[in-house]
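Reminder, nothing fancy here: chain letters follow the sequence lines and each chain counts from 1.
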Amino acid sequence: MPQWQHITYSNQITTEHYGKQITVGGWVQDLRNLGGISFLQLRDREGVIQITSLKKKNKELFELVASLPRESVVLVTGMVKESKEARAGFEILPDRIDVLNRAEAPLPLGVVDKVGADLDTRLNNRFMDLRKEEVRAVFQVEAKAVEGIRQFLLGNGFVEVHTPKIVAAGAEGGSTLFPIKYFDRNAYLAQSPQLYKQNLMATGFDRIFEVAHAYRAEASDTIRHIAEFISLDVELAFIESSEDIMAVAEGIAVAGIEHVRAHAQKELEILGAKLESPSAPFPRVKYKDAVEIVKGQGMRIEHGEDLGTEGEKALGEYMKREKQCELYFITEFPTSLKRGTFYAKRFDDDPETTGYFDLDYRGQEIVSGGQREHRYAVLTEQMRENNLNLESFDFYLKGFRFGMPPHGGFGFGVERYVQKMLGLSNIREAVLYPRDRARLVP
RNA sequence: GCCCCGGUAGUGUAGCGGUCUAUCAUCCGAGCCUGUCGAGCUCGGGACUCGGGUCCGAAUCCCGACCGGGGCGCCA
């Protein structure tokens, strides 16, 4: 058996192992040398094991242990012994220690130091930061959330697709596009799979989703913006209204949380996050009612204005307080606020209003979507309103001329979802290697 | 992009014109200790972002650069 398969994880050790020899491997988290006895806390993927050495039993081995700098990588082969003093209920008495890699000192960032570190320092040394279980737990939760969402979508007949991230034109304004060199031409990083997922609605793939990076060159320095984020995009055809889309968005939000609750209980505990089952259906608050609620909270806002960050927060507090609700839709956004979203379908009997919605989680937008305009003539008219050059959207528009069913969809911000779920103060905490206006490394 | 705030040992901080050969913790090194797990004890080590300026004197005040934090706009 290869060495890596021979290693026992800390959480796999049971009373069955007591009195037997095993091999464990990991990082030297901490070392206490009391003179005649020493305790090495060895951390692996799953937890921490105590390695107890006695000087009188093996002086050479004892001195080797004592010389190990923290965060060195070692393999320890020894006997598992039941112990009342050890936290895990057992400890390992080493027969052999292989030092695979000695760590330098001082560490750029302490893993178990009794002092904090700024997020910037942590991100600059992310590999060290990720040795902390509470940091890794965030990404375990994210993985479980996405797993739950995938299961939900696959179970409902959605097909997972992958669309290009190197594109010729953007779905929205050009200002938020990252230009790149594409051989001898200019191209951009995709800010959204919008045009492609709509194009796919004309193919027979009538229910699709994609989990992929999206790139936004927004000059936004906030705790909820990053230049590269995971967009979970959904599009489905043969719908009758934006309500059909909302039902899917709701299903996703519930599925992610429920899957995390069921499969990441340990991580939630580590993070101290209390995550309750959301009750569906989520409330639908029409934009015009949202304006009144925000006004009622003492804020100055007029109908037709964007709610703004503070308005969104105020609405979030209101929904929590009055409706005991953390997830809710803001629906029927006025056309005036969605004019840039040229593909948004306006109500036939009220062209000043769209079926577009946001899904907010604790006062923060995590989803935006709605029914699209699938009629070629109306769509091109709305694009002209935006002074768009129709020729550069040729591939997109062609899809509408030869059989395009009514459809709609949304984009779901995975990191924002996880951030809100866990109450993280900065979205960067929910990204392994975040990219923002200032950060390109690591 | 706009508006506030901040940059002091590896890490996190105190100090905010002279008493700073700069505080505390953590950390690192040497030593003592056979049950530690926020170990304890003794000794030692390590820092004022950079460039101008004001002043008898600058970590401290002013200007600029660079870096960081937060808010707003915008958005996932």
I'd like to know if [X] reaches the base of [N] with its side chain such that a donor and an acceptor end up less than 3.5 angstrom apart.
X        : N     : answer
A:Ser368 : B:C75 : no
A:Lys56  : B:U34 : yes
A:Asp113 : B:G38 : no
A:Gln50  : B:U36 : yes
A:Glu104 : B:G10 : no
A:Thr121 : B:G12 : no
A:Gln364 : B:C75 : no
A:Ser220 : B:C74 : yes

[N] pairs with which nucleotide, Watson-Crick or G-U wobble, both distances below 3.5 Å?
N     : answer
B:G6  : B:C67
B:C43 : B:G29
B:A58 : none
B:G17 : none
B:C72 : B:G1
B:C48 : none

Nearest-Å distance, [atom1] ([X]) to [atom2] ([N])?
X        : N     : atom1 : atom2 : answer
A:Leu119 : B:G7  : CG    : P     : 18 Å
A:Ile427 : B:C75 : CD1   : C1'   : 10 Å
A:Leu337 : B:G73 : CG    : P     : 13 Å
A:Ile49  : B:C37 : CD1   : C1'   : 15 Å
A:Leu189 : B:A76 : CG    : C1'   : 17 Å
A:Tyr417 : B:A76 : OH    : P     : 18 Å
A:Asp221 : B:G71 : CG    : P     : 11 Å
A:His225 : B:C72 : NE2   : P     : 10 Å

For [X], report the nucleic acid contact type (base, sugar-phosphate, nothing); a contact means any heavy atom under 4.0 Å.
X        : result
A:Gly35  : base
A:Ile366 : sugar-phosphate
A:Val414 : nothing
A:Glu228 : nothing
A:Arg439 : nothing
A:Ile226 : base

[N] and [M]: how far apart are their [atom1] atoms, nearest whole angstrom?
N     : M     : atom1 : value
B:A25 : B:G6  : P     : 27 Å
B:A9  : B:A47 : P     : 9 Å
B:C24 : B:G46 : P     : 15 Å
B:U26 : B:C41 : P     : 9 Å
B:U13 : B:G69 : P     : 13 Å
B:C16 : B:G73 : C1'   : 34 Å
B:C72 : B:G18 : C1'   : 43 Å
B:G40 : B:C33 : C1'   : 9 Å

- Query: Does any N or O in the side chain of A:Ser242 come within less than 3.5 Å of the main-chain N or O of A:Gln371, such that one atom is a donor and the other an acceptor?
  - Reply: yes
- Message: Let me spell it out: for each of A:Thr52 and A:Leu107, pick the nucleotide of RNA chain B with the closest heavy atom. Which residue's pick is nearer the 5' end?
- Response: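 Final value for this comparison: A:Leu107.
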- Message: Taking the nucleotide of RNA chain B with the nearest heavy atom to each, does A:Gly411 or A:Arg70 sit closer to the 5' end?
- Response: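 Looking at RNA chain B, the more 5' nearest nucleotide goes with A:Arg70.
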Nearest-neighbour nucleotide for the [X] side chain, [options] considered:
X        : options             : result
A:Ala438 : B:G68, B:C27, B:C33 : B:G68
A:Thr309 : B:G12, B:C37, B:C72 : B:C72
A:Pro106 : B:G10, B:C37, B:A76 : B:G10
A:Lys313 : B:A76, B:G71, B:U11 : B:G71
A:Ala86  : B:G35, B:A76, B:U26 : B:G35
A:Ile223 : B:C74, B:G71, B:C37 : B:G71
A:Ala105 : B:C28, B:U13, B:U34 : B:C28
A:Thr222 : B:U34, B:U26, B:G73 : B:G73
A:Ala219 : B:U11, B:C72, B:G1  : B:G1
A:Phe39  : B:U36, B:C75, B:C27 : B:U36

- Item | Verdict with supporting geometry, A:Phe393 and A:Phe342, ring pair (Phe, Tyr, Trp, His ring centres under 6.0 Å) | CA-CA 12 Å; A:Phe393 289 85; A:Phe342 60 83; 5.8 Å; yes
- Query: Parallel, tilted or perpendicular for A:Tyr287 and A:His303, by the 30°/60° rule?
  - Reply: perpendicular
- Quiz item: cation-pi between A:Arg416 and A:Phe229, 6.0 Å / 45°: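 No; the conditions do not both hold, so A:Arg416 does not lie above the ring face of A:Phe229.
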- Query: Cationic tip of A:Lys338 within the cone over A:Phe333's six-membered ring, i.e. under 6.0 Å and within 45° of the normal?
  - Reply: yes
- Item | Under the ring pair (Phe, Tyr, Trp, His ring centres under 6.0 Å) test, residues paired with A:His225 that sit two or more places apart |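 Here no residue qualifies.
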- Query: Looking at A:Glu326, A:Glu317, A:Glu312, A:Gln419, which hits side chain to side chain donor-acceptor pair (under 3.5 Å) with A:Arg362?
  - Reply: A:Glu326
- Step by step, work out the salt bridge (charged side-chain N to carboxylate O under 4.0 Å, His left out) result for A:Glu134 and A:Lys266. CA-CA 10 Å; A:Glu134 70 273 22; A:Lys266 181 182 154 202; over 6 Å; no
- Query: Got a salt bridge between A:Arg32 and A:Asp30, using NZ or NE/NH1/NH2 to carboxylate O under 4.0 Å?
  - Reply: yes
- Task: Please lay out, stage by stage, how A:Glu373 and A:Arg346 fare under the test salt bridge (charged side-chain N to carboxylate O under 4.0 Å, His left out).
- Result: CA-CA 8 Å; A:Glu373 179 52 68; A:Arg346 301 166 188 176; over 6 Å; no
